[in-house]
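Within every chain, numbering begins at 1; the chains are lettered A, B, ... in the order of the sequence lines, protein sequences first and strands thereafter. Keep in mind the model is a prediction, meaning the values are calculated, not measured.
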Amino acid sequence: MRLTSKARSLLAGAAALGLLALAWSPAPARAEDKPMTIAFVSGPLNDSFFPPLYQGAQDAAKALGVRLHYIPIDEADIEATSARTMQVAIAQKPDAIVVGDFVTSVVDPYIKQAVAAGIPVYVNQSGQDQWKADGAFGFVGQQGPEVGRVAAERLAGAGAKDILCVINVPGNPYLQAICKGLAEKVQQLGIKSSNLELPTADSTDQAKVSRDIGAYLQSHKSIDGVFTENAAVGTAATAAVDAAGLGGKVHVATMEISRIALEQIQNGKIDFLVNEQPYLDGYFGVVFAAFYAKFGLAPVGVVATGPSIVDKTNIAKILKVFDTYPNVIGSK
Amino acid sequence: MSSAGTSNGRGGGAAAPPAAGAVRRMVMQALLRPEAGGVASAVLVFAFFAVFAGENGFLSPLGTANWLDSAADLGIVAVAVGMLMIGGEFDLSVGSVVGAASMIVAICMGYFALDPWVGIVLAFAFAGLVGLVNGLLVIRTRLPSFIVTLATMLMVMGGMLGVAIALTGSSSLSATPSGLAKLLFAAKFREFHVSILQWIVLSTLATYAMHRTVFGNWVYATGGNAQTARLAGVPVARVKVILFICASLAAALSGVNETLSFQNGNITLGAQYVFTGIAAAVIGGVLLTGGYGSPVGTMFGSVTYGIVSLGVFYLGWNSDLANFFIGLLLLLAVLANHRLRELAMGRR
């Protein structure tokens, strides 16, 4: 049978599509028409860190044609919901689980349980010291203490001698680990640091957070550096510094990226931002889990997504991407 | 201390016969007013921090602005919540309305770059609707408002998060105000925010409404005993619906204020008001059972809470214990408040 060149290329295209479809059809043992399912246990979307992570996970799921079940924990009840969300994930019998191991003592037994039940688990964002012992097949994310160390180093480099580390979710072990890393590095450098754990009732109130930090600065006059763990708290800190007339004396740096925080990098109110690149956490989490479940292939060991730094040297590029692609770097 | 309002809807007008010891009687009568305890608590905690934190900047202009701002932010919500409580109902949904109003403003202004007033008007309209639904649900179902508004709180929170993620993919957006909107909701003189002015205006209006209008009498009657009030011809249902709407609108004002002041909208804003709004009203002398209390009292309850929750950071002590001290000082303030009322009542 003779085919026109047009028909031939159509056929070739169809064959290529078929191959692609085959490549992403589920494992032969499973029902042919059922797409792969990945359960993703991570943080709540009302915490501004997580929407970019969710966006990354969704984009990867779409690109690969896998079904994504995003199961958020509740930060106000972090231990109990960490357990419950893993139970839900395991009960769904997904092809793979991606989990943010925020409270290792609670989550680790469930990771082991999932692995024992034949569900591969990929650890994401938090849990870098535990994933291997739990039987997970890999880790993508950053190590909390490392973020603190990098922040301490850079603030000290800017001239800070007494750094305040602000913890905005009281009792959150991941955020505490970051301030601990900062304290360790500060000690090595021979300077000082202290922690300010915000009262639970204030942690969602930017105005009150700003005044709390301002009051703390007024009553601890030697503080000349502030490190915060999300962008809203960071801009609350710069407002407090401005109000107290301490601009230029107190250096401010923060984790996470927001539009206002980027503007404050430009006008010098914030020294630098720690970009945790949550989009990559979500995207790679889904990609690696899907590859492992399908092909048994995965990067070996830890894939580090942070800490990456945004300061005056790279702000132009970051700002452009921030404005062009919502939720890839941060929310608009 | 209290300048606004000369009679409170409940018993304040009971005139003492002019006789010897009139001054003493006047003092006793002042102590019997519902706001006496709130005023006492505020004076007590102010004295405490003036002594222990005065040198750390608590008494400085910035320190004063800080606690006044805190009291105002809380007081705007608390005055409406307090009136609703006097009317015999709770509203747990105010916190979620603060966050929802914040997101509506930020989505309209920050994400879709619309005129600030589109978002602001929508935010207040949405809040009014939530208040209306709260009120109608409570009236129609006769379920406790505690449960009804707990349900609407979760629905508003979850619904708004869903809408925000669907429209913008995010739960935290920037919003930079300008012009009249900035002046009305985000202006400040040094560090004294315009919210202090709003708070005073709203509290004055509330005081006028509660003590000088028929509506105020209706509110006290409704909260005191709804059944009797209904028999006496008080439009109980209408009173409650209006109070629910006021509480929601006050919450929306708080959300708009904070969003425009900090140029950032966030869905979790206001979560604390579930507790602190009620706490401020109770510290200020509003009874949890309804029928008793005053806007002036709530105002001083907010001052008490504002001073305590901020003052702990001026102490220069270990901040890990901040929550503990806030709790302890509030307990002492309420105990003092309660004891004062007992003393006054006992001597009458």
Side-chain angles (χ1 to χ4, degrees), chain A residues 44-52 54-55 58 75-76 164 166-167 170 194-221 230-232 235-236 239-240 242-245 256 258-263 326-328 330-332, chain B residues 53 55-58 60 62-63 65-67 69-70 73-74 95 98-99 110-111 157 161 164-165 168-176 188 190-191 193 195 257-259 261-264 266-273 275-276 309-320 322-323 326:
Chain A
L45 299 177
N46 59 15
D47 178 334
S48 53
F49 174 87
F50 292 101
Y54 181 52
Q55 186 78 47
Q58 279 181 309
E75 286 178 337
L164 179 66
V166 183
I167 299 170
S194 56
N195 287 357
L196 171 57
E197 197 150 339
L198 295 169
T200 320
D202 294 355
S203 55
T204 57
D205 179 346
Q206 295 169 84
K208 187 62 177 26
V209 164
S210 177
R211 293 191 288 267
D212 290 351
I213 294 173
Y216 199 88
L217 291 179
Q218 268 191 291
S219 59
H220 297 76
K221 295 211 187 300
N230 86 31
T235 49
D242 282 351
E256 208 193 28
S258 73
R259 177 81 217 187
I260 308 298
L262 286 172
E263 281 164 18
N327 294 320
V328 168
S331 37
K332 200 170 169 183
Chain B
E55 289 185 354
N56 287 338
F58 176 74
S60 67
L62 179 58
N66 275 349
W67 69 253
D69 285 336
S70 300
D73 286 355
L74 171 59
V98 175
Y111 197 83
M157 226 192 284
L161 181 64
I165 296 285
T168 71
S170 182
S171 59
S172 181
L173 296 162
S174 62
T176 310
K188 58 179 181 179
R190 290 170 190 245
E191 285 308 315
H193 279 80
S195 54
N257 278 342
E258 189 160 349
T259 306
S261 299
F262 277 80
Q263 303 171 22
N264 192 54
N266 192 308
I267 196 143
T268 60
L269 281 188
Q272 73 276 11
Y273 290 134
F275 304 113
T276 56
S309 68
L310 194 79
V312 288
F313 295 102
Y314 278 107
L315 290 173
W317 299 350
N318 186 342
S319 74
D320 296 347
N323 261 334
I326 293 172

Under 4.5 Å from any heavy atom of chain B, what part of [X] do you find: side chain, backbone, both or neither?
X	result
A/Ala244	both
A/Tyr54	side chain
A/Ala243	both

Value rounded to 0.5 Å, distance of [atom1] in [X] from [atom2] in [Y]:
X	Y	atom1	atom2	result
A/Thr235	B/Gln263	OG1	CD	8.5 Å
A/Ser48	B/Asn264	OG	CG	7.5 Å
B/Ser174	A/Glu263	OG	CD	7.0 Å
B/Ser172	A/Asn230	OG	CG	7.5 Å

So what's closer than 4.5 Å to chain A heavy atoms on [X]: side chain, backbone, both or neither?
X	answer
B/Ile165	side chain
B/Ile267	side chain
B/Asn257	neither
B/Tyr273	side chain
B/Thr176	side chain
B/Thr268	both
B/Phe275	neither

Side-chain donor or acceptor of [X] paired with backbone N/O of [Y] under 3.5 Å:
X	Y	answer
A/Asn327	B/Thr168	yes
B/Ser171	A/Leu45	yes
B/Glu258	A/Gln206	yes

Does any donor atom in the side chain of B/Ser309 or A/Lys208 lie under 3.5 Å from an acceptor atom in the other side chain?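 Yes, because at least one side-chain N or O of B/Ser309 sits under 3.5 Å from a partner of the opposite role on A/Lys208.
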What closest approach, in Å, do B/Gln272 and A/Asp205 show between heavy atoms, and which atom pair accounts for it?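 What the structure gives for the nearest pair is NE2-OD2, 2.9 Å.
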Do [X] and [Y] touch side chain to side chain, with heavy atoms closer than 4.5 Å?
X	Y	value
A/Ile213	B/Phe313	no
A/Ser210	B/Phe262	yes
A/Gln218	B/Leu62	yes

Option that, when pairs with chain B are counted at under 4.5 Å, heavy atom only, ranks first among A/Ala215, A/Pro51, A/Ser258: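 The option with the most such pairs is A/Ala215.
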Top residue by heavy-atom pair count (under 4.5 Å) with chain B, among A/Asp212, A/Asn195, A/Ile260, A/Ile167?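 When all of A/Asp212, A/Asn195, A/Ile260, A/Ile167 are compared, A/Asp212 has the most.
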Heavy-atom pairs under 4.5 Å with chain A, option from [options] with the top count:
options	value
B/Asn266, B/Asp69, B/Leu161	B/Asp69
B/Ser195, B/Ser70, B/Gly99, B/Ser60	B/Ser70
B/Asp73, B/Leu74, B/Thr276, B/Leu310	B/Leu310

Does B/Lys188 have any salt bridge (Lys or Arg N to Asp or Glu O under 4.0 Å) partners at least two apart in sequence or in another chain, and if so, which?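 B/Lys188: salt bridge (Lys or Arg N to Asp or Glu O under 4.0 Å) contacts with B/Glu191.
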